[in-house]
Amino acid sequence: MTDEKGQSEQRKAGGTYLGQAWLVLTLALVFGGALAGVQVAWGPIIERNKENEARLRIPLLLGRMSEAQLDAPDGEQHAHTELDKLSIEERMLEVPRAGGGANRYGLYAVAGKATRAPAGWVLQTRGPGYAGDIELLVGLDPGAERILGLYVLAQNETPGVGNAIGTAKWRSQFADRPAGISLSAVKDPTTDGEIQAIGGATISSQSVCDIVNRAVRDLRKVLPQLRDRQE
Amino acid sequence: MANDGPTPTERFLRGVIPENPVYRQLLGMCPTLAVTGNMKAAMTMSGAVLFVLFCANVITSLIRGLLKPHLRILVFTLTIATFVTIADRFLAAYLYRMSKELGAYIPLIIVNCIIICRCEVCASRQSVPHAAADAVGQSLGFALALASIATVRELLGAGSWFGVQLFWAKGTAAEQYRWSIMAQPPGAFITLGLLLGAAVWIGNSWEKRRKTRAAVREAGEAD
Amino acid sequence: MEYAVGLILIAVSSALINNFVLHYFVGICPFLGVSRRLDTAFGMGCAVTFVITIASLLSWVFTYFILQPGAGVSVAVARLFVTVEDPASVDLSILSYIVYIFVIASSVQFVEMYLRKFFPTLYKSFGVYLPLITTNCAILFACLYIMQKVVGAEEPWGIGQALTLAIFAGLGFTVAIVIMAGIREELDFCDVPGPLKGAGITLIVAGILALAFMGFAGMDRGLERALTADEPPVHKAGHVPEFPPKADVGDNAPRPGNAEGGPR
C-alpha cells in the first residue's frame, strides 16, 4: 500500500515538474518575442540618440550656431540643417604618449559639403576630473590655430559646485581662444592663457583645462598627417 | 481561489499612506536615495515603477492559478526583468537625457523589493482588479514618498523645483547660500532619516488619537 | 605596468571613493537590516563579497562572449543559420538584465548549498538573509557597471578589471557595514529620540559616514599621477608656455599608420 502511494507520489512529482516547466518556457517565449519587438522598434531610435549627442553639437562647436539657438524649441532642426551643409568624417585618433601607451580620441573631420573646404576639427576626449571622468567635445578651426568651442558630454563633478563646468556661460570662455597656449584656470584671468575658475571648484576647472590642453596639443602634433590624408 | 481579503479600493487606499512602501514598509530604499536629487528624476522613476508594477501584477494575477510554489519566484523575476527592460529601452528611445541621468537605477527596479513583495503578497493571491488597484496604490505611495524627499533636496540644494529656479539663482549673490550637501549622498541619507522620523512620529500620534477616540466612544456607550 | 596601475585605481575607487553603499546607494536594505551586531554584519559582508565575485565573473563572461554586439559566440552561432555581413548587427544586449538576474539567483543558490554542506552553523545564523542577497542591489549594480565598461567602450574591461571591481566593491561594502555595526552597538546605550529609533537614526549616521567617506575624493587622481610618469600640467598664473609649433615632427610624432584607426 505504502509502496503504491510512494510510486504515485513520485509520478505526480515528475508530472508537476514537467507541468511547471512548460509555464516558464511559454512565458520565456512570449517575453522573448516582446523583447525582440522592442529591439526592432526602438533599437534604431536609441542608436540615433547616441550618435546625435555628439553630432548635433558639431555646428555649435565650430561656431556656426550659438547656444541660444540650440536650446530653442527648434534647436535640433536648426542643427540638422547646419549639419546638412557639412560633410563629416569620423575616425579614431591614436597619439603615442611620452611614457608609453597612447592617447585615444574620437575625431570628426568636418568640411563643407559643397565647397569641400575644411571647416574644422572636433575632438571627443575624456580625462580625469575631480570625481570620475569628464568627457568633452572640443572644436578647433581647420588650422588648429584657435579653439572654437567646448561641450561637456559627461561629468560626475560635485552637484552645485563643480557641476557648473557644464553650463553654457562657463564654457563660452573657450570660444575663440588661441590653441597654441596651455590654458589654466585662475581666480582673476588676465592673459589669453587663463580662464576663470569656478569658485570652490578649482580642481574641476583645471581638469577641464588639462584635458583640453592635452587634446589640442596632440591634434597639433598630428595635423600634418591629417591634412595629407584630407588631400 | 476565493477573492477574500481587501477589496480593490481598500488595496488602492492602503498603498498610498497606511502601507506606504518607503515610509511604512521600508522597501525600495536604493532608488529613494539615489534619484531624489531633483523632482524630474524622481517622477520619471515613479513612472517607471508604476509601469513595471502594474504590468507585473496584472500578468502574475492572470497566471496565479498555474503557479507552483517551487517556481514562483522564478516566474516573478522573469516577468519583472522583462518589463524593466521594456521600460529602460523606452526611456532610452524617447527620454534619452533622463535615461542617462537615471543610469543604472532603472534596471535596479528588478531587485526593488516593492515589486516582488506586491507580486507575492497580493497579485499571486487575488484577481486582476485587486492586483491592478494594489499596483496603482503602491506606486502612488512610492511617488509621494519620492516627491517629499526630492522636494526637500532640490529646494535646499539648488533652490529650484522641477527645474524651475525659485531662489538662490546662479550668478546672484544669494547663490552662496545653497546647501549643496543636499544634492549629494550625505544629504540624501540625512533627509530620508529625518523624514522617516517625522513619518513615524505622525503615525504614532494618529494611532494615539484613534485609540483615545475609541476609548471615549466606548466609555460613552457604557454609560 | 599601466594595467596594474589601472587595477589599483579601480580597487581604490570601488572600495573607498565610490563606495557602493555610501556613494552609489546600493545594498541599503542589508545595510540597515543586518548592521545591528558586529559579527552578523561581518558575516553578511563576507557573503556579499563572495556572491558579488562569482556573479560578476559569470556576468562578465556572458557579456563579453555572448551578449555584447558582435560577441564571438553569438556571431559564430548566427553564422550557422544566416549569412552575417556585419558582426556588430548580432546584438543580444537586450537580454542582459534577464541574464544577470538569473546569474545572481544561481550564484546565491550555489553559495547557499555550499554553506549548508560545509558551514551549517553559519548557514543557520544567516537565516532568511542569505536568499535575500538575491535582491541586494549591490550585486546587480556591479554586473551593470561591468556591462557599461564592456559594451561600447573604447577599452573594454577584461576579466582582471571586472574581478578587481567585484572583490573591492564587496570589501568596501563590508567596511561600511562593519563600521555601521560598531556605531549601532554604541547607539544602543544612547538616548535616541523615539521616532528616530531604528531606521531613522541609522540613516542619519549613514549620512555622516558618507560625509566622512567624501574625504577620499581625489585620491585616485593623486595616485594616478604618482604611479604614472605623466608630465604634470604646468599652471602657474601668468606663465604662458608655448607649445611646439605644429611643424614639429620630433621623436613623438606618430607614424603615418597611427593617425588613423577603424571607423568609430
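A quick note: this is a predicted structure, and the numbers were derived from the prediction, not measured.
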**Student:** Taking all atoms of both residues into account, what is the closest heavy-atom pair of C:I204 and B:G193, and its distance?
**Tutor:** CG1-CA, 4.1 Å
**Student:** Given that the side chain runs from C-beta out, which part of B:L108 has a heavy atom under 4.5 Å from chain C: side chain, backbone, both or neither?
**Tutor:** both
**Student:** Pick one of side chain, backbone, both or neither for C:L211, based on which atoms fall under 4.5 Å of a heavy atom in chain B.
**Tutor:** both
**Student:** Between C:G200 and B:L196, which heavy-atom pair has the shortest distance, and what is it?
**Tutor:** N-CD2, 4.2 Å
**Student:** Report which part of B:A199 has an atom under 4.5 Å of a heavy atom belonging to chain C: side chain, backbone, both, or neither.
**Tutor:** neither
**Student:** Could you look at C:L144 and say if it's the side chain, the backbone, both or neither that has a heavy atom under 4.5 Å from chain B?
**Tutor:** side chain
**Student:** Tell me, for B:L27 versus chain C, whether the close heavy atoms (under 4.5 Å) come from the side chain, the backbone, both or neither.
**Tutor:** neither
**Student:** Counting only heavy atoms not in B:F76, do more than 12 sit closer than 6.0 Å to its CZ atom?
**Tutor:** yes
**Student:** Which of the residues B:I73, B:L33, B:L74 is involved in the greatest number of heavy-atom pairs with chain C at under 4.5 angstrom?
**Tutor:** B:L33
**Student:** Measure across B:I190 and C:G207 and return the closest heavy-atom pair with its distance rounded to 0.1 Å.
**Tutor:** CG1-CA, 4.0 Å
**Student:** So for C:M147, is it side chain, backbone, both, or neither that comes closer than 4.5 Å to the heavy atoms of chain B?
**Tutor:** neither
**Student:** Is B:F162 atom CZ crowded by more than 12 heavy atoms from other residues, nucleotides or ligands, each under 6.0 Å away?
**Tutor:** yes
**Student:** What part of C:L32 gets closer than 4.5 Å to chain B, counting heavy atoms only: side chain, backbone, both or neither?
**Tutor:** side chain
**Student:** Is C:F102 in contact with chain B via its backbone, its side chain, both, or neither, using a 4.5 Å heavy-atom distance?
**Tutor:** side chain
**Student:** Nearest 0.5 Å please: distance from the CD1 atom of B:I86 over to the OH atom of C:Y97.
**Tutor:** 12.5 Å
**Student:** Counting heavy-atom pairs closer than 4.5 Å to chain B, which one of C:V26, C:L209, C:T135 comes out on top?
**Tutor:** C:T135
**Student:** Taking side chain as everything from C-beta outward and backbone as N, CA, C, O, which of these in C:A105 sits under 4.5 Å from a heavy atom of chain B? Side chain, backbone, both or neither.
**Tutor:** neither
**Student:** What distance do B:N112 atom CG and C:L140 atom CG have between them, rounded to the nearest 0.5 Å?
**Tutor:** 11.5 Å
**Student:** Please state whether the side chain, the backbone, both or neither of B:D88 comes within less than 4.5 Å of a heavy atom of chain C.
**Tutor:** side chain
**Student:** In sequence, state the C-alpha distance, the side-chain angles, and the governing distance for B:I181 and C:M214, and then conclude on side chain to side chain contact (heavy atoms under 4.5 Å, CB included).
**Tutor:** CA-CA 11 Å; B:I181 204 72; C:M214 272 172 76; 4.2 Å; yes
**Student:** Is the number of heavy atoms from other residues, nucleotides or ligands under 6.0 Å of B:F51 CZ greater than 12?
**Tutor:** yes
**Student:** Measuring from atom OH of C:Y24 to atom SG of B:C30, what distance do you get when rounded to the nearest 0.5 angstrom?
**Tutor:** 14.5 Å
**Student:** When rounded to the nearest 0.5 angstrom, what is the spacing between CD1 in C:I28 and OG1 in B:T32?
**Tutor:** 9.5 Å
**Student:** Crowded around C:F213 CZ? As in, over 12 foreign heavy atoms under 6.0 Å?
**Tutor:** yes
**Student:** Can you measure from CG (B:L194) to CG (C:L196) and round to the nearest 0.5 angstrom?
**Tutor:** 6.5 Å
**Student:** Where on C:T202 is there a heavy atom nearer than 4.5 Å to chain B: the side chain, the backbone, both, or neither?
**Tutor:** neither
**Student:** Please lay out, stage by stage, how C:N136 and B:V111 fare under the test side chain to side chain contact (heavy atoms under 4.5 Å, CB included).
**Tutor:** CA-CA 7 Å; C:N136 188 337; B:V111 288; over 6 Å; no
**Student:** Given that the side chain runs from C-beta out, which part of C:C29 has a heavy atom under 4.5 Å from chain B: side chain, backbone, both or neither?
**Tutor:** side chain
**Student:** Taking it one step at a time, do B:F189 and C:F25 satisfy ring pair (Phe, Tyr, Trp, His ring centres under 6.0 Å)?
**Tutor:** CA-CA 9 Å; B:F189 281 113; C:F25 306 112; 5.5 Å; yes
**Student:** Once you round to the nearest 0.5 Å, how far does CD1 of C:I98 lie from CD1 of B:I80?
**Tutor:** 11.5 Å
**Student:** Examine whether an atom of B:I202 lies under 4.5 Å from a heavy atom of chain C, and if so say whether it belongs to the side chain, the backbone or both; otherwise answer neither.
**Tutor:** neither
